[in-house]
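Just follow the structure's listing: the first ligand is 1, and inside any ligand the first atom is 1. Throughout, residue positions are numbered sequentially from 1 according to the sequence presented.
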Amino acid sequence: MMLGLLLARAGLKVVVLEKHRDFLRDFRGDTIHPSTLEVLHELGLLDEFLELPHQKVHELRAQFSDRLIPVADFSRVRVRSPFIAMIPQWDFLNFLARHAARYPGFELQMEAEVTDLLFEGNRITGVKTAAQQIHADLVIGADGRHSTVRSRAGLEVLDLGAPIDALWFRVSRRPSDPANTMARFDRGSILVMLNRGDYWQCAFVIAKGALDGLKQRGLEAFRATLAGLLPFAADRMKEIATWDDVKLLSVQVNRLRQWYRDGLLCIGDAAHAMSPVGGVGINLAIQDAVAAANVLCKQGFGIEALRALQKRRELPTRLTQRFQVIVQDRILSRVLTDASGPLQAPLAVRLLERFPVLRQIPARVVGLGFRPEHVKSPAA
Ligand SMILES: Cc1cc2nc3c(=O)[nH]c(=O)nc-3n(C[C@H](O)[C@H](O)[C@H](O)COP(=O)(O)OP(=O)(O)OC[C@H]3O[C@@H](n4cnc5c(N)ncnc54)[C@H](O)[C@@H]3O)c2cc1C
């Protein structure tokens, strides 16, 4: 959607195809990072965007046993909007779609599922949906981590492995609850809680494939574990009425060896599925879109431009995934498997507690990423 907006703004003709009838999806990433807020500012949309209902997250905290430790402080990052804006992803997408529709070249088709690609020899020349064939100078695969486009194009996926899955659910939030968005680490358990105003959006991290075992132990045992992690909300665990209220996110960390073919470019999760560590998937997808618009508007749609885009975005992707895999393997896996003795915060976290100035490092990695992009594509 962001790339569609930017290309239409540059005077190009763009069709965005979305398979669903709307953008309503529960438990999607709802984090709009400082880097995305900066992009919205560069597009002249920031003030209007911040009028949408949202919560501001200025600091991330981690709780190890009973010790609450600030780990990322966005106020220390020198940007216009030093916070994460929590906003439902559908509000963000509808906002972008509304603004993109101001440009005459922009067209959004809902309930238009791409089922295959069109080829002329080796070159990709468009897409097929159930209702039509659309020919295009360039097809962008931005269809997420189960991308049809990338599999039809036969692009090779490098799997980096993920030892964890996440279970998403919500419980109501009361005014007397703590206000912070935080992660709770306890012996054998990790719970991330996002303050969504009148409810908590929670992710319970489990070892990969452990859901069946949890189900065998029963919902009551699951609720009791959660109540132990969230004593202030123990009485609300009955809001998880059945296992249907708990959604499994099967975590993947992967990236394409090559993000493009003649006539095709993949970006966002279609090019690189990210771990939920740090909540940076949206950030990287938006950064890819901004970089793609910059490169395509300057260099055209030839293979050199597509190669230049991968070159630009691959390094930040690799560095972020490396950081995520280290956190997954060295911290999350250990917390999940070590069920003995009191849990001590890892050294890196203790250093963040001791030296507040260090908290700008995780804030930068999460909030801006490794190579923040700026809008250079023209407004025609
Ligand atoms: C449960 C969950 C929680 C997450 N939490 C966070 C978070 O807190 N912060 C964060 O930054 N990231 C989070 N993420 C990751 C984040 O949602 C993604 O990284 C980000 O949305 C990627 O954007 P994208 O545009 O590349 O792909 P997507 O957002 O997946 O968008 C792809 C779109 O393409 C459509 N589509 C798919 N196939 C087709 C087709 N064949 N034809 C037409 N349309 C198609 C889909 O319906 C979808 O709308 C989370 C992901 C999940 C699943």
Side-chain angles (χ1 to χ4, degrees), residues 1-5 15-36 55 57 60 84-90 92-94 96-97 108-117 127-132 134 139-153 162 165-170 181 183 192-196 201-205 246-256 259 265-289 292 313 317 320-321 324 365-367 369:
M1 190 66 77
M2 177 59 90
L3 182 52
L5 182 153
V15 184
V16 176
L17 303 171
E18 165 56 52
K19 72 174 172 184
H20 291 289
R21 151 196 321 216
D22 53 40
F23 297 119
L24 289 174
R25 234 71 90 237
D26 222 352
F27 304 123
R28 294 311 307 268
D30 293 344
T31 48
I32 303 299
H33 301 76
S35 57
T36 302
Q55 294 87 39
V57 176
L60 299 179
I84 289 179
M86 299 294 299
I87 193 159
Q89 200 176 91
W90 54 89
F92 179 51
L93 291 170
N94 283 327
L96 293 182
L108 170 61
Q109 294 185 15
M110 305 301 287
E111 291 187 276
E113 178 171 2
V114 171
T115 52
D116 212 342
L117 298 172
V127 295
K128 274 188 206 166
T129 68
Q132 61 187 333
I134 301 181
V139 173
I140 312 273
D143 50 345
R145 57 203 200 112
H146 303 294
S147 172
T148 301
V149 167
R150 81 177 186 190
S151 66
R152 289 289 185 274
D165 285 333
L167 302 178
W168 288 89
F169 58 92
R170 59 170 71 183
T181 284
V192 179
M193 300 167 57
L194 310 178
N195 175 354
R196 306 309 312 273
Q201 182 179 334
C202 302
F204 185 69
V205 181
V246 178
K247 302 277 180 290
L248 170 70
L249 167 66
S250 176
V251 174
Q252 298 175 5
V253 187
N254 63 40
R255 61 176 176 264
L256 294 179
W259 299 18
L265 172 67
C266 289
I267 60 168
D269 275 17
H272 45 70
M274 309 301 290
S275 159
V277 169
V280 293
I282 299 176
N283 192 17
L284 282 186
I286 295 284
Q287 297 286 303
D288 285 357
R313 294 304 306 158
T317 304
T320 311
Q321 288 182 329
Q324 293 183 318
V365 173
V366 171

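Applying the 4.0 Å criterion to heavy atoms of Gln89 picks out, from ligand 1, the atoms 17 (O), 21 (O), 29 (O). Interface atoms of ligand 1 facing His20, defined by a heavy-atom separation under 4.0 Å, are 47 (O). Near Trp168, meaning under 4.0 Å from one of its heavy atoms, ligand 1 places the atoms 1 (C), 3 (C). Under a 4.0 Å criterion applied to the non-hydrogen atoms of Gly281, ligand 1 contributes the atoms 10 (C), 11 (O), 12 (N), 19 (O). Counting atoms of ligand 1 from 1 in the listed order, those under 4.0 Å from a heavy atom of His33 are 11 (O). Under a 4.0 Å criterion applied to the non-hydrogen atoms of Leu17, ligand 1 contributes the atoms 43 (C), 44 (N). Within ligand 1, counting atoms from 1 as listed, the ones closer than 4.0 Å to a heavy atom of Gly144 are 27 (O), 30 (O), 32 (C). Contact atoms of ligand 1 toward Thr148: 41 (N) (distance under 4.0 Å to a heavy atom of the residue).
When side chains are defined from C-beta on, Lys128 does not count as touching Leu117, because their heavy atoms never get closer than 4.5 Å. In this structure, the side chains of Arg313 and Ile267 stay at 4.5 Å or more apart for every pair of heavy atoms. Taking the side chain as every heavy atom from C-beta outward, Thr129 and Glu113 never approach each other to under 4.5 Å. With a 4.5 Å cut-off on side-chain heavy atoms, Met86 and Thr31 count as touching.
Here Leu249 pairs with Arg145, Ala166, Trp168, Val251, Pro276 under the side chain to side chain contact (heavy atoms under 4.5 Å, CB included) rule; sequence neighbours left out. Phe204 meets the ring pair (Phe, Tyr, Trp, His ring centres under 6.0 Å) test with Phe222; sequence neighbours excluded.
Between the CG atom in Leu17 and the CD1 atom in Ile140 there is a gap of 12.0 Å [rounded to 0.5 Å].
Ligand 1 has no N or O atom lying under 3.5 Å from any N or O atom of Ala270, backbone or side chain. Every N/O-N/O distance between Phe23 and ligand 1 stays at or above 3.5 Å. At a 3.5 angstrom cut-off on N or O pairs, Ala285 does not count as close to ligand 1. In terms of N/O distances under 3.5 Å, ligand 1 is approached by Lys19.
Contact analysis puts Ala112 in contact with ligand 1, with a non-hydrogen atom separation below 4.0 angstrom. Using a 4.0 Å heavy-atom cutoff, Glu113 is listed among the residues neighbouring ligand 1.
For atom 25 (O) of ligand 1, the candidate residues are Ser151, Gly268, Ala142; the nearest heavy-atom contact is made by Ala142. If you check each of Ile282, Leu194, Ile286, Thr129 against atom 12 (N) of ligand 1, the one with the closest non-hydrogen atom is Ile282. Summarising the contacts of atom 22 (C) of ligand 1 with Leu248, Ile32, Asp269, the nearest heavy atom is found in Asp269. For atom 9 (N) of ligand 1, the nearest non-hydrogen atom from the set Val149, Thr31, Leu167 belongs to Thr31.
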Point to revise | Working for side-chain contact (heavy atoms from CB on, under 4.5 Å), residues Leu284 and Met274 | key: CA-CA 9 Å; Leu284 282 186; Met274 309 301 290; 3.1 Å; yes
Practice item. Under the side chain to side chain donor-acceptor pair (under 3.5 Å) rule, what do Asp288 and His272 come out as? Steps first, then yes or no, please. Key: CA-CA 10 Å; Asp288 285 357; His272 45 70; 2.6 Å; yes
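Of the N and O atoms on the side chains of Arg170 and Gln201, not one donor lies less than 3.5 Å from an acceptor on the other residue.
Between Asp143 and Lys19 no salt bridge is recorded (no basic side-chain N to carboxylate O distance below 4.0 Å).
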